[in-house]
Amino acid sequence: MRRVGRLAPSPTGALHLGNIRTFMAAWLQMRACGGEVRLRIEDLDHPKHKAGAADALIDDLRWLGFDWDGPVIHQSQRLPLYRAALGRLAPLYPCFCSRADIQGAQSAPHPGEVLRYPGTCRRRAAPPPEGRLPAWRLPLGPGDDGRYVDAFAGPQTRTADALTGDFVLARGDAPAYVLAVVVDDHEMGVTDVVRGDDILPVTPAQNVLYRRLGWEPPAYWHLPLVVGRDGLRLAKRHGDTRVSAYRAAGFPAGRILSALARTCGWLAPGEAVATLAELLPRFSMGAIPRAPLVWDDALL
Ligand code: GLU
């Protein structure tokens, strides 16, 4: 079987080292087995999306030595596909709860968890509040389990109902991320999804969609995130770890790739490569440590 992987960045800002480490694993996995790599820009409307970010991230990826097969896919141009899937997933129910309403109904989620929806609007008797667009939720039934064995993170024992509850498939007529990713991965023939383990809690929900749509889910490889010294996901407060910042400071691509490859166990301490392709014979998914990587510029 021909294997197909993908890089699926969101244009929320420039690529940082955390994205790159995951993308290196995704790219090397496919290129090492003769598979395809696709690039998909996840640019469905989102308040955090920045103008020009998609072009900038493509430029950073090329500079680092990534390539991909076929055209770049933009989610913003595929709304009819997502709407067709929404039609097949009906009936959905409209939900008018705000985030604060949902938070008020339960204790706050633990770090790394998502807010579980308690099903309030499934039983709503009151008329909808005026002027608020509904979120359309999928009512989960007994067959909607979603548990699976992650190829990297191991058995996932919590169901979609326990993790997300009835989840949102669209806001107004705008399809939600969880749905778009499933439709795209299926339509693009993706066999292996390599991504950050921040998405583990919504993967059972995505598996529910695969089952309901009658599609085969891919193999999932959820890799640990890169965090700052405070244990929190790498972000601006940890300093500028965007690829563009290292580029501007004159670091060659090989130096960044080598540092990340050492943290993945593909290179020994002190070893370096000049290009991404040189890592092909060294790549092994199993060599990647299970714990989050605590980033420190001294690793460069
Ligand atoms: N676009 C998502 C992100 O940048 C990744 C989604 C996915 O890989 O399924 O976090």
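Residue numbers start at 1 and run along the sequence shown.
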> Any luck finding a side-chain donor-acceptor pair between Ser76 and Asp43 under 3.5 Å?
yes
> Is there side-chain contact between Pro175 and Leu169, with at least one heavy-atom pair below 4.5 Å?
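When only atoms from C-beta onward are counted, Leu169 and Pro175 do not touch, as no gap falls below 4.5 Å.
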> Quick one: do Leu276 and Leu64 satisfy side-chain contact (heavy atoms from CB on, under 4.5 Å)? Show the steps, please.
CA-CA 7 Å; Leu276 182 58; Leu64 284 164; 5.9 Å; no
> Scan side-chain atoms only and decide if Tyr246 and Asp240 contain a donor-acceptor pair under the 3.5 Å cut-off.
no
> Classify the angle between the aromatic ring planes of His186 and Trp215 as parallel (below 30°), tilted (30 to 60°) or perpendicular (above 60°).
parallel
> Should we count CZ of Arg132 as having more than 12 external heavy atoms under 6.0 Å?
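Enclosed.
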> Within 45 degrees of the ring normal and closer than 6.0 Å to the centroid, is that where the cationic atom of Arg137 sits relative to Tyr117?
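Output yes; distance and angle both within limits.
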> Tell me whether Arg31 is salt-bridged to Asp69, with the criterion being a basic N under 4.0 Å from an acidic carboxylate O.
yes
> Can you tell whether the side chains of Asp144 and Arg212 come within less than 4.0 Å, N to carboxylate O?
yes
> Do the side chains of Glu42 and Arg40 get close enough for a salt bridge, i.e. N-O under 4.0 angstrom?
yes
> Is the closest side-chain donor-acceptor distance between Asp67 and Trp27 under 3.5 Å?
yes
> Checking Arg195 against Thr22: is there a side-chain donor and acceptor pair closer than 3.5 Å?
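No, no side-chain donor-acceptor contact under 3.5 Å.
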> Salt bridge (Lys or Arg N to Asp or Glu O under 4.0 Å) between Arg247 and Asp59: does it pass, once the steps are laid out?
CA-CA 11 Å; Arg247 252 178 108 168; Asp59 189 55; 3.0 Å; yes
> Give a yes-or-no answer on whether the side chains of Asp150 and Trp221 include a donor-acceptor pair shorter than 3.5 Å.
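Asp150 vs Trp221: no donor-acceptor pair found between side chains.
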> Taking the side chain as everything from C-beta on, heavy atoms only, tell me whether Val227 gets closer than 4.5 Å to Leu293.
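No, side chains not in contact.
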> Can you tell whether the side chains of Arg237 and Asp230 come within less than 4.0 Å, N to carboxylate O?
yes
> With the side chain counted from C-beta on, respond yes when Cys95 and Val168 share a heavy-atom pair under 4.5 Å apart, and no when they do not.
no
> Taking the six-membered ring of Phe152 as reference, does the NZ or CZ atom of Arg290 fall below 6.0 Å from its centre and within a 45° cone about the axis?
yes
> Considering only NZ, NE, NH1 and NH2 on the basic side and carboxylate oxygens on the acidic side, decide whether Arg116 and Asp166 come within less than 4.0 Å.
no
> Decide, yes or no, whether a salt bridge links Glu36 with Arg2 under the criterion of side-chain N to carboxylate O below 4.0 Å.
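Salt bridge: yes.
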> side-chain contact (heavy atoms from CB on, under 4.5 Å) for Val181 and Gln206? Distances and angles first, verdict last.
CA-CA 8 Å; Val181 166; Gln206 293 187 327; 3.7 Å; yes
> Does a donor on one side chain and an acceptor on the other come within less than 3.5 Å for Asn207 and Tyr220?
yes
> Are a donor atom and an acceptor atom from the side chains of Glu278 and Thr275 found within less than 3.5 Å of each other?
yes
